[in-house]
Amino acid sequence: MSHEQNVGKSEKLITAVAIGLSAAALTGCGIGDYGASSAETPNPAAVAEQKAVELVDEYSEHPEKFDESAIVRVEVPEGSSVNGAATAYIDQYGQEQGWTGPQRDLGHGVVNKAAAEISGVPQPGAEVVMYHVDLNGDGTVDITPVGVENPTK
């Protein structure tokens with residue numbers, strides 16, 4: 001029995017040490033430079049969302065500078081919004097491309113940030129300008145709404 005008691009104490013000690021190290025690593029306290037490395041490495045989702053917001057501003061000022069071959073115009077269904085039409089397009093495109101859950105989540109985050117920056121209320125027949133571009137430099141084509149075009153009367 002003495003051997004079994006020692007094994008149990010060792011397992012408890014190992015578990016306690018593992019929990020302590022995990023907690024320290026998560027908080028960045030005293031273990032290596034965990035805090036410094038995470039602060040220096042930008043979050044790819046945050047980079048993509050920020051770049052999408054910047055592209056909305058650029059498109060509103062200079063739409064002629066955007067590569068037309070990378071643009072898809074998506075009709076805004078009656079009663080929908082820029083965000084709704086863009087999200088529907090992202091979902092369809094992502095499904096066709098076999099996107100993973102995190103890729104879909106990134107696409108939705110980009111749409112939410114960018115659509116909030118697009119000025120103009122869609123009128124019947126309006127189209128959302130969707131731009132295909134690598135937003136965060138990871139080599140994957142992302143899609144972001146950059147503007148809305150209302151029909152001219």
Side-chain angles (χ1 to χ4, degrees), residues 14-153:
I14 291 170
T15 302
V17 169
I19 291 171
L21 289 174
S22 295
L26 287 174
T27 60
C29 297
I31 305 295
D33 63 358
Y34 175 81
S37 65
S38 66
E40 293 171 9
T41 306
N43 178 329
V47 170
E49 290 172 359
Q50 180 58 40
K51 181 65 177 173
V53 168
E54 292 169 6
L55 286 174
V56 170
D57 291 338
E58 289 177 34
Y59 187 83
S60 69
E61 294 176 21
H62 300 287
E64 72 281 356
K65 292 185 177 181
F66 283 70
D67 179 3
E68 273 297 318
S69 68
I71 290 177
V72 172
R73 288 172 174 77
V74 178
E75 187 174 340
V76 180
E78 190 172 332
S80 188
S81 63
V82 170
N83 190 312
T87 299
Y89 178 75
I90 290 286
D91 288 342
Q92 176 187 349
Y93 182 85
Q95 186 175 13
E96 291 169 359
Q97 299 300 312
W99 281 2
T100 63
Q103 288 172 311
R104 275 192 310 274
D105 293 345
L106 174 64
H108 288 178
V110 165
V111 166
N112 289 337
K113 289 288 187 181
E117 298 295 318
I118 294 174
S119 60
V121 176
Q123 301 169 1
E127 295 176 327
V128 178
V129 179
M130 302 294 292
Y131 195 57
H132 294 234
V133 62
D134 181 359
L135 292 169
N136 56 9
D138 67 356
T140 301
V141 172
D142 303 296
I143 306 166
T144 183
V146 291
V148 63
E149 295 177 353
N150 285 308
T152 56
K153 295 181 179 181

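What you see below is based on every heavy atom in this structure, not just the backbone, and it leaves out hydrogens, waters and symmetry mates. Residue numbers count from 1 along this sequence.
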Working to the nearest 0.5 angstrom, can you tell me the gap between [X] [atom1] and [Y] [atom2]?
| X | Y | atom1 | atom2 | answer |
| --- | --- | --- | --- | --- |
| D67 | H132 | CG | NE2 | 11.0 Å |
| D105 | W99 | CG | CH2 | 11.0 Å |
| Q50 | L55 | CD | CG | 10.0 Å |
| T144 | M130 | OG1 | CE | 6.5 Å |
| E117 | E54 | CD | CD | 10.5 Å |
| N43 | E49 | CG | CD | 8.0 Å |

Donor-acceptor under 3.5 Å ([X] side chain, [Y] main chain):
| X | Y | result |
| --- | --- | --- |
| D134 | G139 | yes |
| S60 | D57 | yes |
| N136 | A48 | no |
| N150 | Q123 | yes |

Just wondering, more than 12 heavy atoms not from E78 lying within 6.0 Å of its CD?
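No, CD of E78 has 12 or fewer neighbouring heavy atoms, counting only those of other groups under 6.0 Å.
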So which heavy atom on [X] is nearest to which on [Y], and how close?
| X | Y | result |
| --- | --- | --- |
| L135 | A52 | CD2-N, 4.1 Å |
| I118 | G147 | CD1-N, 3.7 Å |
| A45 | L106 | CA-CD1, 3.5 Å |
| V56 | A114 | CG2-O, 3.7 Å |
| A85 | E75 | CB-O, 4.0 Å |
| S119 | V148 | O-CG1, 3.7 Å |

Report the C-alpha distance between E96 and Q92 in whole Å, list the side-chain angles of each, state the deciding distance to 0.1 Å, and finish with yes or no for side-chain contact (heavy atoms from CB on, under 4.5 Å).
CA-CA 6 Å; E96 291 169 359; Q92 176 187 349; 3.1 Å; yes
Applying side-chain contact (heavy atoms from CB on, under 4.5 Å), run through I143 and Y93 and close with a yes or a no.
CA-CA 9 Å; I143 306 166; Y93 182 85; 3.1 Å; yes
Is the shortest heavy-atom distance from the side chain of V129 to the side chain of P145 under 4.5 Å?
no
Applying salt bridge (Lys or Arg N to Asp or Glu O under 4.0 Å) to E149 and not counting sequence neighbours gives R73
Should N83 and S81 be marked as a side chain to side chain donor-acceptor pair (under 3.5 Å) after you check the CA-CA gap, both sets of side-chain angles, and the distance that decides it?
CA-CA 5 Å; N83 190 312; S81 63; 5.4 Å; no
Under the rule for ring pair (Phe, Tyr, Trp, His ring centres under 6.0 Å), what residues qualify as partners of Y59, not counting sequence neighbours?
F66
According to the ring-ring contact (aromatic ring centres under 6.0 Å, His included) rule, which pairs have a member within residues 100-119, sequence neighbours left out?
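As it turns out, there is no ring-ring contact (aromatic ring centres under 6.0 Å, His included) pair with a partner in residues 100-119 once direct neighbours are skipped.
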